[in-house]
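Numbered from 1 within each chain, the chains take letters A, B, ... in sequence-line order. Atoms considered below: every heavy atom in the structure, side chains included; atoms not considered: hydrogens, waters and symmetry mates.
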Amino acid sequence: MSIQKPSIPKGTRDFGPSQMAKRNYIFRHIRSTFEKFGFMPLETPTMENLSVLTGKYGEEGDQLLFKILNSGDFLKDVPEDKLKKDNAKALTFDIAEKGLRYDLTVPFARYVVMNQHEITFPFKRYQIQPVWRADRPQKGRYREFYQCDADVVGTDSLLCEAEIVLMIHEVFEKLQLSDYAIKINNRKILTAITEYIGAAGKESEFCVAIDKLDKIGLEKVNEELAQRGFSSEAIQKAQPFIVLKGTNEEKLSSLQATLGQLPSGEAGLSELQRVFDYLKAFGVSIPQVDFDITLARGLSYYTGAIFEVKVNNVSIGSVSGGGRYDNLTGVFGLPGVSGVGFSFGVDRLYDVLEELNLFPSEAHTSTQILIANFDSDSERFALPLLKKLREAGIRAEIFPESAKMKKQMNYADKKQIPFVLMAGPDEIASGQLGFKNMITGEQKALTFDQILALFN
RNA sequence: GUGGUUUUAGCUCAGUUGGUUAGAGCGCCUGAUUGUGGUUCAGGAGGUCGUGGGUUCGAGCCCCAUAUUCCACCCCA
C-alpha cells in the first residue's frame with residue numbers, strides 16, 4: 001500500500017488546543033447570554049432528510065446543500081432513463097435521500113412541528129452546532145462552520161426583536177467589541193417601497209440591487225436596477241429611499257409621509273417603531289442600532305424584521321444575522337406559528353477578534369501547576385499531593401516520566417504553565433517543597449499547605 | 001457555479017534566461033548546564049520544490065491535468 005499524504009476537505013479546518021481555547025471563550029459568552037435571556041438548549045441531527053432541507057433557501061441555497069449518498073447499491077432502484085448523461089440534477093433525489101444541515105433554523109422548525117404537542121409556546125431555544133454549505137471557500141467563508149442560533153416561536157411580540165438586539169449588545173460587550181453596527185430593517189418596508197415605486201412583486205430583485213449600496217455605490221446600484229428591469233421612473237422614485245439619511249427616528253418619520261400611506265409600509269414602520277420603543281423602555285441606549293433601509297438579506301423565509309451585524313474596520317463580512325419568519329412551520333403542516341431568531345457566526349467572530357487582537361490571555365485555560373518528576377520515589381510521594389491539588393480545584397498535572405529537568409521545565413514553559421512544584425529527594429527529606437514561578441523565575445521553599453493556601 | 005491567484009524545510013519566505021550538491025530567518029534536537037524553562041554560545045537534523053503526466057541532454061523554473069489557498073462575481077455566518 002502506498003503512503004498517502006493526509007489532507008482535509010476544502011473549506012474545513014482542524015482546531016488545535018490554543019484555537020479551541022479561544023473558540024470556547026466565544027461559545028461561553030454566547031451560551032451564557034442566551035441562557036440569561038431564558039433560552040433552552042436544543043440539538044438536532046447532523047443530517048436531515050433531504051426533503052426537509054430543499055426548497056427552504058431558494059434555488060441558490062438548494063445548490064449549496066451537501067447531499068449524502070445512499071448506502072448500499074444506490075443505483076438499484078433508479079429508473080433507466082435517469083441514468084443518462086447530463087442528468088445529474090434529476091438523479092440527485094434518487095441516490096441521496098439525506099443531506100447535511102445548511103442552517104439551524106429549518107431543523108428547528110422541523111423539530112417544532114414534530115413536537116408541537118409537547119412544546120409550551122412561546123418556545124425559546126438556542127442551538128450551537130456546525131452547519132455545512134457547499135460554497136466556494138474564501139477567508140471568513142467556510143464549508144463547515146458553527147452557528148449559534150436563538151429563536152422564539154409562537155408569539156408575534158416585538159419584544160422578542162428588542163431582546164435580540166439586547167443579546168447581541170451583551171455578547172459584543174463581553175467580547176470587548178464596541179465598533180460595530182446592528183443593522184435593522186423590515187421586509188414589509190421593502191415591500192412597500194416596491195409598491196410605491198410601481199414595481200410591486202419585484203421585491204427580491206430590488207433587494208439584491210440595493211443591498212450592494214455600501215459596496216458599489218449609488219450609481220452602480222441604479223445601473224443594476226435598470227438591468228434588472230426597473231423602469232427609469234421607478235428608479236427615480238426609489239432614489240429618496242436608497243439615500244435616506246438621519247437618525248433612526250428621523251428616517252422613520254420621513255418615511256411615514258410616503259410609505260405610511262400603504263398598508264405594508266404602515267405595518268413595517270410601526271413594527272420598527274415598537275422595537276425602538278421597547279429598547280427605550282429597557283432603559284438602555286444602544287448607539288450601534290442602525291435602521292438601514294438597504295439591508296435586505298437573501299433568505300426568502302423572512303417576513304418582518306431583519307437584522308445583520310457587522311464589525312467595522314475588519315475584513316470579515318457580517319458576523320450575525322436573523323429576522324422574523326411568519327410561516328416557516330407552514331411547509332411542515334403547522335401554519336400560523338410566527339417566529340423570530342438570529343444567529344452568531346462563531347468562525348467569523350473568531351477571525352474578527354483575531355484581527356483586532358481582542359482575545360484576552362485568560363482565553364487559554366491551561367494547567368496551573370506542574371509537578372516535576374524526579375524518580376520513582378518522588379513520583380510516589382507526589383501522587384497524593386496531585387490528588388489534593390485537584391480536589392482543591394486547581395488544574396494540576398505531573399510530568400508522566402522522570403525526564404531531565406530541562407525537558408520538564410521546557411514542557412511547562414511551552415504549555416504556559418505558571419507554576420512548577422519540585423518534590424525531589426532533598427525536598428521530601430526537609431518537607432519544604434520547591435515552588436517555582438515560571439513568569440518571574442523566582443523559586444521559594446514552601447510546605448505543601450502553604451502552597452495550597454496560595455490558591456484558596 | 002464563472003474568472004483569476006497561491007503552493008519550495010515544522011513556520012514565514014528567497015531561489016537570476018531552464019544548468020553541478022535548492023538557501024535564509026525563526027522554530028526543533030544535542031551540548032556548554034546529570035536538579036531548573038524563557039536569555040547567550042557551539043554543533044546538528046530536517047526538502048519526492050502540492051500531486052500526476054509531458055517537453056528537454058538537463059525542470060523548483062516551460063506545457064497539460066488535478067488538488068489546495070486566497071481574491072472578484074454569486075451568495076452568505
Side-chain angles (χ1 to χ4, degrees), chain A residues 2-13 16 26 30 57-64 88-89 101-105 128-149 168 204 207-209 211-212 215-216 220 224 295-300 306-311 315-322 341-352 370 372-375 378 399 402-428 433-443:
Chain A
S2 67
I3 293 172
Q4 58 174 11
K5 220 174 192 179
S7 63
I8 56 175
K10 185 201 285 211
T12 66
R13 294 143 308 147
I26 300 173
I30 291 174
Y57 311 106
E59 210 173 306
E60 299 266 356
D62 282 359
Q63 288 175 356
L64 296 179
K89 234 179 203 171
R101 69 169 103 78
Y102 176 91
D103 70 359
L104 301 177
T105 309
I128 298 178
Q129 289 188 272
V131 302
W132 292 268
R133 297 183 186 178
D135 220 347
R136 173 107 37 127
Q138 286 180 26
K139 188 178 184 187
R141 163 177 263 180
Y142 308 102
R143 288 185 145 185
E144 176 183 61
F145 60 97
Y146 267 76
Q147 288 196 329
C148 307
D149 269 43
I168 293 171
S204 61
C207 289
V208 170
D211 198 37
K212 296 179 186 166
K215 220 174 189 175
I216 62 177
K220 296 262 180 180
E224 178 144 355
L295 171 64
R297 294 189 59 77
L299 284 181
S300 45
I306 42 185
F307 309 97
E308 191 161 286
V309 184
K310 173 108 179 54
V311 178
S315 59
I316 314 288
S318 60
V319 294
S320 176
F342 76 112
S343 175
F344 287 110
V346 171
D347 304 82
R348 285 191 177 175
L349 275 172
Y350 182 101
D351 290 342
V352 165
L370 174 74
N373 192 332
F374 290 83
D375 51 41
S378 89
F399 200 86
S402 55
K404 280 184 190 162
M405 208 38 51
K406 186 182 171 87
K407 183 171 182 184
Q408 300 193 39
M409 297 302 288
N410 192 42
Y411 175 80
D413 189 50
K414 285 284 139 62
K415 214 170 158 182
Q416 296 183 51
I417 298 174
F419 297 101
V420 175
L421 178 57
M422 311 281 177
D426 300 349
E427 286 83 358
I428 295 172
L433 309 182
F435 192 63
K436 174 154 179 159
N437 181 326
M438 292 296 284
I439 297 152
T440 62
E442 177 188 20
Q443 185 167 334

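Among the heavy atoms of the strands lying under 4.0 Å from A:Gly11 are primed sugar atoms or P, OP1, OP2 only; no base atom is included. Residue A:Gln147 is in sugar-phosphate contact alone, with no base atom involved, counting any heavy-atom pair closer than 4.0 Å across all strands shown.
A pairwise comparison of heavy atoms in A:Ala372 and A:Met405 identifies CB-SD, 4.0 Å as the closest pair. Annotation for A:Leu349 and A:Ile30: closest pair CD1-CD1, 4.2 Å, computed over non-hydrogen atoms. Contact record, A:Lys10 with A:Arg143: O-CD, 3.1 Å, taken as the closest heavy-atom pair. A:Ser343 approaches A:Ser320 most closely through the heavy-atom pair O-OG, 2.9 Å.
For A:Asp149, the salt bridge (Lys or Arg N to Asp or Glu O under 4.0 Å) test picks out no residue, with sequence neighbours left out. Evaluation of the salt bridge (Lys or Arg N to Asp or Glu O under 4.0 Å) rule for A:Glu224 yields A:Lys212, A:Arg228 as partners, not counting sequence neighbours. For A:Phe307, the ring pair (Phe, Tyr, Trp, His ring centres under 6.0 Å) criterion is met by no residue, not counting sequence neighbours.
Ring pair A:Phe399/A:Tyr411 is perpendicular by interplanar angle, where above 60° counts as perpendicular and below 30° as parallel.
In this structure, the side chains of A:Met409 and A:Met438 come closer than 4.5 Å at one or more pairs of heavy atoms.
Rounded to a whole Å, the CG atom of A:Asp135 is 13 Å from the P atom of B:C73. Whole-Å rounding puts the A:Ile316 CD1 to B:C71 C1' distance at 13 Å. If you take CH2 of A:Trp132 and C1' of B:C76, they are 17 Å apart, rounded to a whole angstrom. Atom CZ in A:Arg143 sits about 12 Å away from atom C1' in B:A67, given to the nearest Å. With rounding to whole Å, A:Gln138 atom CD is found 15 Å from B:U2 atom P. Rounded to an integer number of Å, the gap from A:Glu144 CD to B:A77 P is 17 Å.
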Nucleotide-resolved protein contact map, nucleotides 35-45 of chain B, B/S/- at heavy-atom distance under 4.0 Å = BBBB-------
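One N or O on the side chain of A:Lys310 and one on the backbone of A:Ile316 form a donor-acceptor pair closer than 3.5 Å.
A sub-4.0 Å separation between OP1 or OP2 of B:C74 and a side-chain N or O of A:Lys212 is present. In this structure, A:Lys10 reaches the B:U68 phosphate: one of its side-chain N or O atoms is under 4.0 Å from OP1 or OP2.
Here the nucleotide nearest the side chain of A:Glu60, chosen from B:A77, B:C70, B:C74, is B:C74.
To the nearest 0.5 Å, atom CG of residue A:Asp426 and atom CZ of residue A:Phe374 are 8.5 Å apart.
The gap from the P atom of B:G37 to that of B:U30 amounts to 13 Å, rounded to the nearest Å.
More than 12 heavy atoms of other residues, nucleotides or ligands lie within 6.0 Å of NZ in A:Lys415, so this atom counts as buried by the packing criterion.
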How does RNA chain B read in dot-bracket, base by base from 5' to 3', with Watson-Crick or G-U pairs under 3.5 Å and | used when the partner is on another strand?
-> ((((..(..((((.....[...)))).(((((.......))))).....(((((..]....))))))..))))....
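Against RNA chain B, the stretch residues 341-352 of chain A makes heavy-atom approaches under 4.0 Å through A:Arg348.
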